[in-house]
Amino acid sequence: MQQRPISPIPRRLLARVRDVMAGAETATERLDRITAIIAADLVAEVCSIYVRRAGDVMELFATQGLNPDAVHNTRLRMDEGLIGDIAANARPLALADAQHHPNFAYRPETGEEIYQSLMGVPILRGGRVIGVLAVQNKTRRSYAEEEVETLETVAMVLAELVAGGELIETDEFLPADGTAVLPLRLEGVTLNDGLGAGIAVLHQPQFRVGELVAEDPARELERLRQAVTEMRGELDTMLGSSDLAGRGEHRAVLETYRMIAEDAGWLARIEEAVGTGLTAEASVQMVHSDIRARLGKAPDRYLRERLYDFEDLANRLLRHLVNGEPARRDFGTAADVIVVARSMGPAQLLDYHRPSLRGLVLEEGSPTMHVAIVARALDIPVVGQATDAFTRIEQGDPVLVDGDNAVVFIRPGEDAQQNFAEAMRAIAQRRAGFATLRDLLAETRDGERISININAGLLADVRFLGETGADGIGLFRTEIPFMVRAEFPSGEAQRALYADILDQAQGKPVLFRTLDVGGDKTLPYWKQAQSENPAMGWRAIRVSLDRPAMLRRQIRALIGAAAGRELRVMFPMIAEISEFDAAREILERELEHARTRDAEIPKTVEVGAMLEVPSLVFQLDALLPRVDFISVGTNDLFQFLFASDRGDPRLAERYDFLSPAMLGLLRTVVESCREADVPVGVCGEAASRPLDAMAMIGLGFRNLSVPPPAVGSTKSMIRSLTLGPLTSYLGTLATLTHHSVREQLREFALDHGVMI
Ligand code: PEP
Ligand code: MG
């Protein structure tokens, strides 16, 4: 990150503002005095303070220079005028020619027509805009960046006064659209499955930065260093906690975070700020604002997400400086808590008392976000991208988090709460029911054994093998560990991870899919040109064959990890024979390489192709003799067969998996594989829907790989199914020209007592 020198803070100005703040006058008198001080110090004719009122209007509360009668009379909507612009976008403006700015709104009562230039900054509290501080000049003036920073620092101090409850009731800071009391439903994306109910705790710093200007800079430096030492000790204890025992990506994530805490550059900058005369607390905040400004605009998602790590650390350090307390937040043993945050660093979640934590709601977030990885390791439901959650949920609100359906219910009515509680009970009961099936065979009533496997992507997922009783891992998406790391994992790091996965699988088969990166699965440390059509772009095996060193390194790691045991590997998105041949060739060469080095090689090696691109169906005759197995990736195959983007909600219901075209294609694949005596399985979400899985079993598939929560329902469906009648019924559907045969199959299932 490029660094900008820190400008010395005008200590005199801050000291004077601080003196006024501490004075005994009324809040209004103090505001007036502060505007006069700022105007004088910044050599501006005008200094005004606007406060946000109910209904999202900015009201002039104090001014030096504008017409005093305008106070409490001038009111601007959040998007009106330059003040509204600053408030709506929560960002400063510095304009030499303010009057010709497109957003300038003239208010005759203020008498401001004689002022040409304007510089204003938002007054922020807990991330919300609660006012605007602005200065104006008669002559055309270009404000320097340092002046904007000074005004921002003063605004930080002013926030205490504005939010203190003396100027307006604090209730007014709540959203004015009535959403504070009505039940509300927010949709987001699932970052971790599961259901949780509890009382909202808004995640925000729990401290007040008091003094900004240091009396004794040497003492501040000492305080800072002491706080850093304490913070590191706390991190060591926290990261070693038993909740997070074992290895896995969450460890890599937390270690990356720990490395940032050790980052000499970050600490040096804070020390430098202390050198300019700020207190240790103010220095941490100052450097953090700078980082936020920089990273917040970074085009790269990974870099933007590192902002949460810095935010986490800055808050942690401040907590140590302000009260020296460790950050652990306890809610008593009885409380069930849903944490609500704009965003969060991975370690911040660990500050909450784990037994009370029932769910997490984030305004931002992606499945590979660090806090999501940690939440998965802790088994807490998470809904991300819940727009405006932080402003719409109040501290103490009852909240229900439905991670399975990516929905958050806020202040639900009694009926809704009861329904949710019943749904939770029903799910718990169903799970308990499935748990009793755990050790029973997945066998149809007429004795056909079906292998049920799980799809996984993190080391933490391997535990589901034991919990669900699945036969193995039918798809390990190896790109996920790559996506959560800060840098490309070394060969040894990969080998260790794959060996851990095999160890933890305790002899159950694991099918590793080589990297499916590219398209929308980007690696943070790997620049890649935008593609107009990422799913059909440079991804998966195409990337691996164009960057063979990367594939070689991964295969070498897999061979090393599986030394002396079984290795099963498959290549994604194979579209033609030559791609499979080239990939297999790399694998054979690596095996040869291991042999020549006298390294122990896997006991057996099976190599397969994923069938995700329809072109491969027309090359099965040539492909099947070359592969040890085929795995049908229904997610991609379906989207390419119907030319229907799998991520576009407008197309979600347009075509049906249980359509004559899809079933016809699957039938061809199964029959070809049977004739060639090549095992064939299915992975992809379709297999996790019991009715769809039933159809596939009817067509002849005997090996399914599903997300872990679907193992129970799939097994229950299989154990209630008699295969004979289904097979002949599917034969009668083959000639239909319907959009879908879902209804027919559902009726068949109901008539035959199949648990779908
Ligand atoms: C698929 O396409 O069905 C599949 C399993 O791969 P992914 O979902 O990872 O693309
Ligand atoms: Mg796929």
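Note that the structure is predicted; figures quoted are calculated from it, not measured. We use all heavy atoms of the structure for the numbers below, so side chains are in, but hydrogens, waters and symmetry mates are not.
For residues 66-119, the pairs satisfying ring-ring contact (aromatic ring centres under 6.0 Å, His included) are Phe61-His72, with sequence neighbours left out. Annotation: side-chain hydrogen bond (donor to acceptor under 3.5 Å, both in side chains) contacts involving residues 61-71, sequence neighbours excluded, comprise Ser48-Thr63. Residue pairs meeting the ring-ring contact (aromatic ring centres under 6.0 Å, His included) criterion with at least one partner in residues 31-58, sequence neighbours excluded, are absent.
Applying the side chain to side chain contact (heavy atoms under 4.5 Å, CB included) rule to Thr110 yields the partners Leu66, Ala70, Thr74, Arg107, Glu112; only residues at least two apart in sequence or on another chain are considered. Annotation: side chain to side chain donor-acceptor pair (under 3.5 Å) contacts of Glu25 (sequence neighbours excluded): Arg33. Remark: Glu262 engages Arg232, Arg258 in a salt bridge (Lys or Arg N to Asp or Glu O under 4.0 Å) (not counting sequence neighbours). Under the rule for a salt bridge (Lys or Arg N to Asp or Glu O under 4.0 Å), Glu113 has no partner lying at least two apart in sequence or in another chain. Arg223 meets the side chain to side chain contact (heavy atoms under 4.5 Å, CB included) test with Arg219, Glu220, Ala280, Glu281, Leu321; sequence neighbours excluded. Applying the salt bridge (Lys or Arg N to Asp or Glu O under 4.0 Å) rule to Asp32 yields no partners; only residues at least two apart in sequence or on another chain are considered. Remark: Ala268 pairs with no residue by the side chain to side chain contact (heavy atoms under 4.5 Å, CB included) rule, at least two apart or across chains. Residues forming a salt bridge (Lys or Arg N to Asp or Glu O under 4.0 Å) with Glu59 (at least two apart in sequence, or on another chain): Arg53, Arg75. For Leu221, the side chain to side chain contact (heavy atoms under 4.5 Å, CB included) partners are Arg225, Glu271, Val274, not counting sequence neighbours.
The shortest distance between side-chain heavy atoms of Val361 and Val339 does not fall below 4.5 Å.
No hydrogens or angles considered: a donor-acceptor pair under 3.5 Å links the side chains of His320 and Glu234.
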